[in-house]
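Hydrogens, waters and symmetry mates play no part in the numbers below; they use all other heavy atoms, side chains included. Chain naming here is simple, since letters A, B, ... match the order of the sequence lines and numbering starts at 1 in each.
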There are 2 protein chains.
Amino acid sequence: MAPQTPTSQNQPALGECACMNLRKTARLIAQFYDQRLQPGGLRNTQFTLLVVLDHLSPVSIKNLADHMGMDRTTLTRNLRLLERDNYITAQPGKDARVRMISATGKARVAIKETQPYWQKAQGEFLQKFGEERWTEMREDLTEISRIVTSQD
Amino acid sequence: MAPQTPTSQNQPALGECACMNLRKTARLIAQFYDQRLQPGGLRNTQFTLLVVLDHLSPVSIKNLADHMGMDRTTLTRNLRLLERDNYITAQPGKDARVRMISATGKARVAIKETQPYWQKAQGEFLQKFGEERWTEMREDLTEISRIVTSQD
DNA sequence: TGACATAAGATGTATATACACCTAAAAAGA
DNA sequence: TCTTTTTAGGTGTATATACATCTTATGTCA
């Protein structure tokens with residue numbers, strides 16, 4: 001009889017784990033984009049936040065967090081850095097609990113300067129992966145986001 | 001003439017951004033799994049690391065980092081926590097620069113205890129998303145990982 | 001062999017992420 | 001109205017992530 005290996009038997013088929021696979025690819029693509037965005041001076045997280053903010057301004061933290069699939073408290077910490085660097089400003093909302101966040105002119109300048117590098121990274125990715133394939137995959141990602149956030 | 005909105009024109013089509021879409025879905029699915037793994041006492045990152053380690057033990061940090069799509073220094077910090085809690089041990093390799101990492105018995109116990117919760121989360125996801133669809137999507141994710149890590 | 005390049009790992013620093021918990025304000029009900 | 005619940009946001013704490021840089025060990029090659 002063959003000796004047992006010291007590792008566990010009947011292990012979870014982690015190779016199929018949705019969490020592991022998505023997180024791994026997300027790490028790698030974040031590194032890919034960050035490398036290419038570097039000359040523009042913004043990391044992918046902040047670039048994304050500023051572009052979204054520029055579209056939604058003024059917007060509450062709650063709404064922005066939902067839009068980004070981020071915990072509210074994560075967004076609070078991320079926004080603090082953007083506020084420190086004068087990329088955003090906050091005004092009180094009609095509802096006194098709410099801070100309405102807006103992108104500043106400095107943010108729009110930074111977006112404009114970083115945008116070509118993003119375009120290049122995105123183009124490089126689309127050229128290699130296929131635009132149509134990516135369009136389909138985006139639908140899959142949206143479906144997954146819907147599934148894991150649905151209350152049932 | 002319609003007044004210009006204060007936001008920038010000709011903005012990047014961020015809705016198609018591969019980085020943003022993958023990171024957003026990765027955040028959401030990590031929350032989904034972490035909620036369901038909670039009774040088992042391990043978060044998704046550590047559960048994943050331990051299962052992989054249990055398969056690859058003993059393994060160098062470099063090899064494990066490549067396998068996980070993680071920066072070596074990220075893995076060093078993650079492993080430190082696992083070592084603190086006696087889930088892993090390290091032995092010097094033949095190459096004196098290398099630390100060979102192994103999962104402990106405590107790790108295998110923790111894996112066994114968490115595994116049912118992972119199975120439930122994975123089953124819930126597969127049931128809603130579709131097993132076949134997920135199999136195809138895993139190929140897409142693998143292809144993306146390959147694309148963004150290829151040297152050209 | 002000795003000089004140089006490369007590789008493995010750790011550390012300093014900074015950002016990213018989210019849970020538990022707290023405060024204040026608004027909404028809902030009695 | 002007044003009590004209760006819900007909601008928006010912030011804080012304390014802990015983990016997750018990675019770049020720049022350092023140290024040490026290995027590999028390369030003249």
Base, sugar-phosphate or nothing for [X]? Non-hydrogen atoms, less than 4.0 Å.
| X | answer |
| --- | --- |
| Arg72(A) | base |
| Gln38(A) | sugar-phosphate |
| Thr73(B) | base |

| task | Scan residues 25-34 of chain A against DNA chain C and write down, sorted by residue number, each residue with any heavy atom closer than 4.0 Å; if none is found, say none. | result |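 Here the set is empty: none.
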| query | When you measure from every atom of DNA chain C, which of residues 83-96 of chain B have a heavy atom less than 4.0 Å away? | reply |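 The stretch gives none, as no residue of it lies under 4.0 Å from the strand.
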| Between Gln115(A) and Lys112(A), is any pair of side-chain heavy atoms under 4.5 Å apart? |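 Answer no - side chains too far apart.
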| For Thr76(A) and Asn78(B), take the nucleotide of DNA chain D holding the closest heavy atom to each; which residue's nucleotide lies nearer the 5' end? |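 Per heavy-atom nearest nucleotide, the more 5' residue is Thr76(A).
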| hydrophobic_cluster_shared for Leu14(B) and Leu126(A), side chain cutoff 4.5 Å |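 Hydrophobic grouping puts Leu126(A) with Leu14(B).
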| said: Among Ile101(B), Thr104(B), Thr48(B), which residue satisfies the side chain to side chain contact (heavy atoms under 4.5 Å, CB included) criterion with Leu53(B)? | reply: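 Per the side chain to side chain contact (heavy atoms under 4.5 Å, CB included) rule, the option paired with Leu53(B) is Ile101(B), out of Ile101(B), Thr104(B), Thr48(B).
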| query | Who pairs with Lys120(B) by side-chain contact (heavy atoms from CB on, under 4.5 Å), at least two apart in sequence or on another chain? | reply |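 None.
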| task | Return the set of residues passing ring-ring contact (aromatic ring centres under 6.0 Å, His included) with Phe129(A) (not counting sequence neighbours), or none when no residue passes. | result |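 Counting only residues at least two positions away or on another chain, Phe129(A) forms a ring-ring contact (aromatic ring centres under 6.0 Å, His included) with Phe125(A).
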| query | Do Gln35(B) and Gln31(B) get their side chains close enough for a donor-acceptor pair, meaning under 3.5 Å? | reply |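 No, no side-chain donor-acceptor pair sits under 3.5 Å.
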| task | Could you tell me whether the side chains of Ser102(A) and Thr89(A) share a donor-acceptor contact shorter than 3.5 Å? | result |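 No, Thr89(A) and Ser102(A) have no side-chain donor paired with an acceptor closer than 3.5 Å.
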| message | Looking at dC19(D), I'd like to know if its phosphate oxygens (OP1 or OP2) sit under 4.0 Å from a side-chain N or O belonging to Arg43(A). | response |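 No, outside the criterion.
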| query | With distance as the sole criterion, do the side chain of Arg77(A) and the base of dG12(D) form a donor-acceptor contact below 3.5 Å? | reply |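 When only heavy-atom distances are counted, Arg77(A) does reach the base of dG12(D) through a donor-acceptor pair under 3.5 Å.
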| message | Any side-chain to backbone donor/acceptor pair from Lys24(A) onto Thr142(B)? Under 3.5 Å, distance only. | response |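 No, the answer is negative, given that no donor and acceptor are paired below the 3.5 Å cut-off.
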| message | Can you tell whether the side chains of Arg133(B) and Glu136(B) come within less than 4.0 Å, N to carboxylate O? | response |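 Between Glu136(B) and Arg133(B) there is no salt bridge, as every charged N stays at least 4.0 Å from the carboxylate O atoms.
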Check: protein-nucleotides 22-24 of chain D nitrogen or oxygen pairs below 3.5 Å:
none

| request: Walking along DNA chain C from 5' to 3', note the first and the last nucleotide with an atom under 4.0 Å from a heavy atom of chain B, and give both. | output: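 It runs dA7(C) to dA20(C).
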